[in-house]
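Below: one structure, written as structure tokens.
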There are 2 protein chains.
Amino acid sequence: MFNCIRGRKSSREKILDAAAELVGSIGAGRLTLEAVAERAGLSKGGLLYNFPSKDALLQGMIQRLVDEVSAEKETLRGHTPPGRNLEARLCTAALLKMHAGKMKDIANGMLAASSENPALLEPVRQVIRKTLTEMRETSDDLDACLLAWLAVEGLNSFEMHDLSPFSEEDRDRIAASVTKLLENGIAE
Amino acid sequence: MFNCIRGRKSSREKILDAAAELVGSIGAGRLTLEAVAERAGLSKGGLLYNFPSKDALLQGMIQRLVDEVSAEKETLRGHTPPGRNLEARLCTAALLKMHAGKMKDIANGMLAASSENPALLEPVRQVIRKTLTEMRETSDDLDACLLAWLAVEGLNSFEMHDLSPFSEEDRDRIAASVTKLLENGIAE
DNA sequence: GTCTATATCAAGATAGAC
DNA sequence: GTCTATCTTGATATAGAC
């Protein structure tokens with residue numbers, strides 16, 4: 001904790017940042033310890049001191065991703081008025097934020113993990129199960145919530161694989177549709 | 001073509017089947033030529049005669065996936081009554097069919113490709129762009145169509161990564177919601 | 001805590017026999 | 001068209017110095 005003061009990042013953080021950026025730029029399957037070490041500004045040996053194996057590194061990437069999305073959701077909770085389908089509104093808003101900046105790169109860590117070792121995705125599985133449980137328990141309109149959630153996940157999956165055909169305006173419009181669906185539901 | 005008669009599969013087909021199954025069972029990042037050859041019942045040399053490189057194999061997997069989904073959509077077109085948001089109904093129905101049987105494994109080929117070499121996903125990008133164009137031109141309710149499409153893609157992405165928390169009943173219910181959304185739109 | 005050097009190994013690809 | 005044998009590379013991981 002002490003080495004986090006005054007903007008100083010621990011080696012661990014620097015390594016996770018470097019790995020996330022690399023996955024975004026060269027692709028999950030090409031992520032090597034050597035490339036991560038170079039980008040993080042240390043040697044392979046130094047990296048392996050912080051993360052004793054590649055699996056450990058991937059696990060760290062996944063865990064940080066999950067933690068950041070959860071934190072984002074809780075931050076939003078403080079600024080969001082209560083009302084219809086609250087959990088789904090928080091969840092979709094947090095996921096839509098992954099678009100900007102580093103979050104998307106980090107999300108790509110998931111791909112690296114799933115291609116190397118599917119078992120590493122367990123923390124993600126847990127969050128997804130928890131999300132579904134919360135929605136079942138608190139939603140005012142479960143069908144609308146599930147569609148909204150899945151649509152945002154679909155959009156993110158496109159972006160993670162660099163498959164998205166959508167412009168920024170398209171994206172804003174889709175986000176607005178998601179909001180509207182959560183507020184008004186599916187027409188009868 | 002001749003060696004497709006009477007259920008006899010060409011080596012090419014057997015190899016693509018084997019690769020698809022393997023990606024489903026051991027994960028995209030662990031797909032090796034040796035494993036594919038063994039499962040397809042020939043040697044590495046024999047495999048490399050059919051597909052001169054691993055990239056060529058991945059490309060073949062992707063192309064077959066894209067072709068099968070397109071074919072499924074056109075088959076459905078013959079059995080689907082015209083009406084509201086036709087293209088989106090065909091598209092979502094075809095994508096939802098990927099759930100059953102081999103299609104899901106084949107879809108995993110996409111993951112293998114994207115982790116090894118993102119450029120191989122170009123055929124998928126094309127289909128997605130074409131789908132968006134068609135929806136823009138023919139949809140009666142573009143917002144509903146996009147949400148429905150993305151929701152199905154989100155569901156598939158969960159299943160492709162083995163992240164889906166949904167039971168068969170959940171899945172049926174979601175499929176019904178998608179249909180309803182396409183028929184009735186978002187409530188005002 | 002980080003470095004260099006090296007062991008080890010797996011995987012893609014080639015060559016040439018059959 | 002398929003096989004075996006081999007080459008070559010690149011990546012993980014270890015060992016031990018600093």
Side-chain angles (χ1 to χ4, degrees), chain A residues 1-5 8-23 25-62 109 111-120, chain B residues 1-6 8-19 21-23 25-62 109 111-120:
Chain A
M1 276 306 205
F2 284 100
N3 44 8
C4 294
I5 298 171
R8 264 216 192 140
K9 284 181 178 172
S10 66
S11 288
R12 226 187 128 81
E13 287 297 307
K14 277 191 285 194
I15 290 167
L16 288 175
D17 285 344
E21 287 157 24
L22 273 175
V23 171
S25 60
I26 65 174
R30 286 170 175 167
L31 186 74
T32 67
L33 296 183
E34 187 144 24
V36 174
E38 189 190 7
R39 186 162 192 124
L42 41 58
S43 71
K44 237 188 323 188
L47 193 166
L48 283 162
Y49 172 79
N50 288 276
F51 294 94
S53 72
K54 190 173 182 181
D55 260 19
L57 172 60
L58 293 170
Q59 202 179 341
M61 294 172 72
I62 300 287
L111 296 180
S114 77
S115 73
E116 297 271 340
N117 179 358
L120 290 173
Chain B
M1 275 309 204
F2 284 100
N3 43 8
C4 294
I5 297 170
R6 282 205 315 262
R8 267 218 190 141
K9 285 182 178 172
S10 66
S11 288
R12 228 187 126 80
E13 287 296 310
K14 276 191 284 192
I15 290 166
L16 289 175
D17 285 344
E21 288 156 23
L22 272 175
V23 172
S25 60
I26 64 174
R30 287 170 175 169
L31 187 74
T32 67
L33 297 182
E34 188 144 24
V36 174
E38 190 191 3
R39 184 162 193 124
L42 41 57
S43 70
K44 229 177 348 176
L47 192 167
L48 283 162
Y49 172 81
N50 288 278
F51 295 93
S53 70
K54 190 174 182 180
D55 261 17
L57 172 60
L58 292 170
Q59 204 178 341
M61 293 172 73
I62 300 287
L111 296 180
S114 76
S115 75
E116 297 273 338
N117 179 358
L120 291 172

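Excluded from the calculations below are hydrogen atoms, water molecules and symmetry mates; all remaining heavy atoms, backbone and side chain alike, are included. It should be emphasised that the depicted structure is a prediction, and the values quoted were computed from it without experimental measurement. Chain identifiers are assigned alphabetically (A, B, ...) following the order of the sequence lines, protein sequences preceding nucleic acid strands; residue numbering begins at 1 within each chain.
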[atom1]-[atom2] distance between [X] and [Y], expressed to the nearest 0.5 angstrom:
X     : Y     : atom1 : atom2 : value
B/K9  : B/I15 : NZ    : CD1   : 12.5 Å
B/L16 : B/I62 : CG    : CD1   : 11.0 Å
A/R30 : A/S25 : CZ    : OG    : 11.0 Å
B/L57 : B/R12 : CG    : CZ    : 9.0 Å

Check: Under a 4.0 Å heavy-atom cut-off, which of residues 28-35 of chain A touch DNA chain C?
Finding: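 None, since no heavy atom is under 4.0 Å.
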
Margin query: Can you list, in residue-number order, the parts of residues 48-58 of chain A that come under 4.0 Å of DNA chain C, counting heavy atoms only?
Written below: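 Of all residues in residues 48-58 of chain A, the ones placing a heavy atom under 4.0 Å from DNA chain C are A/Y49, A/N50.
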
Next item on the list: Can you see which heavy atom on A/A28 is nearest to which on A/L111, and at what distance?
Entry: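 For A/A28 and A/L111, the tightest heavy-atom pair comes out as CB-C, 3.9 Å.
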
Checklist line | Closest contact, heavy atoms only, A/V23 versus A/A112 | finding: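 Taking A/V23 first and A/A112 second, the nearest heavy atoms are CG2-CB, 4.3 Å.
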
Margin query: Between B/D55 and B/N117, is there a side-chain heavy-atom distance shorter than 4.5 Å?
Written below: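 A side-chain contact exists here, since the closest heavy-atom pair is under 4.5 Å.
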
Can you give the donor-acceptor pairs under 3.5 Å from side chains of residues 41-52 of chain A to other protein atoms, not counting sequence neighbours?
from, atom 1, to, atom 2, distance (Å)
A/S43, OG, A/G45, N, 3.4
A/S43, OG, A/G46, N, 3.2
A/N50, ND2, A/G46, O, 2.9

Margin query: Angle between the two end axes of the helix from C/dG1-D/dC18 to C/dC18-D/dG1, five base pairs per end, rounded to 10 degrees?
Written below: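 For the helix from C/dG1-D/dC18 to C/dC18-D/dG1, the axes at either end differ by 10°.
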
Contacts under 3.5 angstrom, residues 32-40 of chain A side chains, donor-acceptor by atom type, not counting sequence neighbours:
from, atom 1, to, atom 2, distance (Å)
A/T32, OG1, A/A35, N, 3.1
A/R39, NE, A/E21, OE1, 2.9
A/R39, NH2, A/E21, OE1, 3.2

Next item on the list: Could you tell me the separation between the NZ atom of B/K44 and the C1' atom of D/dA5, rounded to a whole number of Å?
Entry: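 Between C1' of D/dA5 and NZ of B/K44: 10 Å.
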
Item checked: Interface limits on DNA chain C, where chain B has a heavy atom under 4.0 Å of a nucleotide atom ->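 With heavy atoms of chain B under 4.0 Å away, the range is C/dA11 to C/dT14.
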
Note to self: Taking salt bridge (Lys or Arg N to Asp or Glu O under 4.0 Å) as the definition, give me every residue that meets it alongside A/K54, ordered by chain and number, with sequence neighbours left out.
What the structure shows: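 Here the qualifying residues are A/E116.
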
